[in-house]
Amino acid sequence: MSRKQWSAADIALGMDRPISRRDVLHGLALAGTSALAGPLLGLPAAAGAAEAAPPAAPGDDNYPPAWTGLRGSTTGTFESAHALRDGAPLPAFTDTGEEYDLVVVGAGLSGLAAAYFYRAQAPGARILLLDNHDDFGGHARRNEYHLDGKLHLLNGGTLLIDSPRPYSAVADGLLRQLGIDVPALIRRGELPVLFDEDGPRRAIFLDKETFGADKLVVGTKKKSWVHFLGDAPIGAQARADLVRIQEGKVDYYPGKDSAQKKLLLSQISYLDFLRDVAKVDPQVLAVYGAFTKGEWGVGIDAVSALDCWGIGAPGFQGLGLTEGSISRMGPTPAGYVDTGGSLRLHFPDGNATIARALVRSLVPAVAPAGNIDQLVTARFDYGQLDQAGAAARLRLRSTVVQARNIGDTAASTGAEIGYIREGHGYRVRARHCVLACYNMLIPYLCPELPAAQKAALHSLVKTPLVYTSVAIRNARAFKKLGIQGVYAPGSYHSSLLLNPVMHIGKYHGPRSVDEPTLVFMQRTPCKEGLPEKEQNRAGRAELLATPFETFERNIRDQLGRILGPGGFDPARDITAITVNRWPHGYAPEYNALYEPELPEAQQPHVVGRARLGRIAIANSDSGGAAYTDVAIDQGHRAVQELLAQAPA
Ligand SMILES: Cc1cc2nc3c(=O)[nH]c(=O)nc-3n(C[C@H](O)[C@H](O)[C@H](O)COP(=O)(O)OP(=O)(O)OC[C@H]3O[C@@H](n4cnc5c(N)ncnc54)[C@H](O)[C@@H]3O)c2cc1C
């Protein structure tokens, strides 16, 4: 294989440096796997899909959390499902002869919770979980690094035990049963903030492509924006407008009461509000352009001004809006509550700790028993996940392409589930089946669903997202620049954050800025100007077509430009990169800009989740909100539906 010729600019960024640029094809390095490619819904051709590289560290061959390179939904996880969508015929399924009480499709938090609840009500039940990824947890994914011999963790997806509503008794109860006592963990104060001498820091990177010059603007939240903006490349009018939006108290709708104003704000986007109501300079729109990307995965043109008010966006201070949401708001109402969950507390690997706690409970052989502190550092034995004879089995790299009732739906005696693994079709049987996978796929798995239900499921378009983890030699540049996180509205990743230092059990974050550490970066691939779901689709297509090399070049360039003035050299200081790619990320939520207000029973996620004989539907999609408590609640509901109809 000829060696790649890098340009001088690439060499300056470190593109020629030896880091793992692995993508995996069902756990196999891509090179040489095309011979395995099966017909029909089997493996895809490997051509040009990614670069193969050895595992991250010796001994990590069967330990997906430690794999770096392109992760999340890797090549090999989605091709069978996409072929099914595109009308490819089903393969011949080999009957495994395996029979279970419950088969769960999708080992994300919802599917894992469903398995947990089923077993609680049917002790001794035999359970199989099937998931298309090479790791479990769905979005709740663990990124594990060993830097200079020390364990460092980051979330590859789901981070916080947060929710815009109090955790239900079911979801809160599950966490407690798993040994996760959120209030007690908050009291222990696991999440100190670095470099906090001066109050919380605010840092914005203005890039030359958008603002004419690269500039990192840093200040404390105590200081007025007049001082904060300093010598930023922002014109005089835009400066005045920024200060007005951040700190002014202008009533843009004089004479209207709070309810009337809320209704008006629910009918326009935040972009409309800033541009047409507050009439700000266009540069201001560029500053706020990525404000909504973390929460909704789309630009400010596709989220209502009212929903932005709900998460504390600036500009509404003078409107005199009363607290509380209205029905035209998405599930992110004003007064974001801390009950049950927490807006600040998270485990070092995010909610992957919840997934790991569930897996350890279901398959005790994967890790030693212990409390939640011990779980954080436990190394799982992935070889134990799918052992014949175990009460619960978790089979990875297995894409389900069919789920059908045995006999008539109304008088079904069970379900048959067909899946593809390493290019071959297999079939298992179960008394009950929970589809905890992406709901928009379900019409293809169950073609016998009623047309209205299929239409509802098809409409549940998910939001693509990228969470990137970057290992760096030290955090000196952050210290020198006086920053922990940066909002970068015009850049490839719209935010970055130095991994917060936390200590839990034997896990200890860096004690000095001289130690290696991790940086978290977030990108939301979307196409502004389109309706929300079209933005999602366009972003997904872009994401699936973007090679790791493009991510890497952008990451190196962005970190070099933001942190360079602090002494950071991307060629020297970056030691590993993990790009967690989620083409199907957040569950769809109600958006007043594009959707009619409907009674609950007519909402698409409710119509879509109707049970079909012995097959029930879970996943956060079926709860209409992208939160962990919803994923858990929906897993619980699906199990109750099945057991109410046919007890185990
Ligand atoms: C980047 C990111 C960050 C997030 N951060 C937060 C947060 O901080 N707090 C929060 O509460 N929520 C967060 N969320 C929302 C998150 O989606 C939920 O909290 C929760 O993790 C969803 O769990 P789930 O089981 O419903 O879905 P998923 O995690 O998507 O799990 C579904 C699983 O089913 C699998 N699957 C799909 N199709 C098939 C098939 N045909 N065969 C087999 N398996 C299949 C999927 O690959 C996946 O592994 C975040 C989401 C993303 C993407």
Side-chain angles (χ1 to χ4, degrees), residues 26-27 60-67 96 98-142 144 156 158 174-180 347 349 351-400 417 419 421 426 428-434 436-437 618 628 631-632 635-636 638-639 648:
H26 284 250
D60 286 338
D61 310 51
N62 192 22
Y63 192 60
W67 294 349
T96 62
E98 292 173 25
E99 301 211 355
Y100 297 91
D101 295 296
L102 174 69
V103 166
V104 179
V105 179
L109 292 173
S110 194
L112 290 167
Y116 183 95
F117 292 129
Y118 191 96
R119 191 194 54 181
Q121 283 181 251
R126 286 155 305 132
I127 299 175
L128 173 69
L129 294 115
L130 295 164
D131 196 282
N132 56 329
H133 285 107
D134 58 28
D135 204 349
F136 57 78
H139 301 146
R141 178 70 71 87
R142 175 178 170 108
E144 178 169 328
T158 310
L174 176 68
L175 294 192
R176 287 176 189 279
Q177 286 163 39
L178 294 173
I180 300 172
F347 290 100
D349 59 1
N351 288 0
T353 284
I354 301 177
R356 281 159 55 91
L358 282 162
V359 170
R360 187 176 63 175
S361 166
L362 291 163
V363 189
V366 294
N371 62 24
I372 209 72
D373 291 16
Q374 292 161 326
L375 184 72
V376 169
T377 45
R379 186 182 163 100
F380 275 35
D381 179 355
Y382 278 68
Q384 295 297 325
L385 287 175
D386 188 12
Q387 287 295 322
R393 302 174 69 172
L394 201 168
R395 193 164 298 162
L396 297 167
R397 302 172 192 132
S398 303
T399 303
V400 171
I417 296 96
Y419 64 93
R421 192 167 201 272
Y426 298 95
V428 294
R429 282 186 197 77
R431 186 171 164 70
H432 291 128
C433 173
V434 171
C437 52
T628 289
I632 295 170
H636 184 261
V639 165

Worked verdict on V359 versus L385 for side chain to side chain contact (heavy atoms under 4.5 Å, CB included): CA-CA 9 Å; V359 170; L385 287 175; 3.7 Å; yes

Nearest-0.5 Å distance that lies between atom OH in Y118 and atom NE2 in H432: 5.0 Å

Smallest separation among heavy atoms of Y63 and A378, with atom names: OH-O, 4.1 Å

Closest contact, heavy atoms only, A113 versus L174: CB-CD2, 4.1 Å

Test item: side-chain donor near acceptor, Y382 and D135, under 3.5 Å: yes

Side-chain (R356) to main-chain (F136) donor-acceptor, under 3.5 angstrom: no

Test item: R395 side-chain N/O and L128 main-chain N/O as donor-acceptor pair under 3.5 Å: no

Residue that, paired with Y100, satisfies side chain to side chain contact (heavy atoms under 4.5 Å, CB included) out of R393, R429, R431: R393

Side-chain touch Y419/T96, heavy atoms, less than 4.5 angstrom: yes

Closest contact, heavy atoms only, N62 versus G383: ND2-N, 3.8 Å

Test side chain to side chain contact (heavy atoms under 4.5 Å, CB included) applied to V366 and L394, step by step: CA-CA 11 Å; V366 294; L394 201 168; over 6 Å; no

Approximate separation, where rounding is to 0.5 Å, of L375 CG and D349 CG: 8.0 Å

Interatomic spacing from CZ in R142 to CZ in F380 - rounded to 0.5 Å: 8.0 Å

Pi-cation contact, Y116 with R119 (under 6.0 Å, within 45°): yes

Heavy-atom pair of closest approach, residues S110 and A631: OG-O, 2.7 Å

Backbone of A125 reached by a side-chain donor or acceptor of D101 within 3.5 Å: no

Euclidean distance, L178 CG relative to N371 CG, rounded to 0.5 Å: 13.0 Å

Minimum side-chain heavy-atom gap V376-T353 below 4.5 Å: yes

Nearest atoms (heavy-atom pairs only) where L362 meets A392: O-CB, 3.4 Å

Flag side-chain contact, heavy atom, 4.5 Å: I372 against F347: yes

Nearest non-hydrogen partners of A140 and T158, listed with the distance: N-OG1, 3.6 Å

Worked verdict on C437 versus V400 for side chain to side chain contact (heavy atoms under 4.5 Å, CB included): CA-CA 9 Å; C437 52; V400 171; over 6 Å; no

OG-CD1 distance between S398 and I417, expressed to the nearest 0.5 angstrom: 12.5 Å

Distance-only polar pair, side chains of Y426 and E98, donor-acceptor under 3.5 Å: no

Check: I354 and L112 side chains under 4.5 Å, non-hydrogen atoms: no

Side chain to side chain contact (heavy atoms under 4.5 Å, CB included) evaluation trace for L396 with D131: CA-CA 5 Å; L396 297 167; D131 196 282; 4.2 Å; yes

Rounded distance (nearest 0.5 Å) linking atom OG1 of T399 with atom CG of N132: 4.5 Å

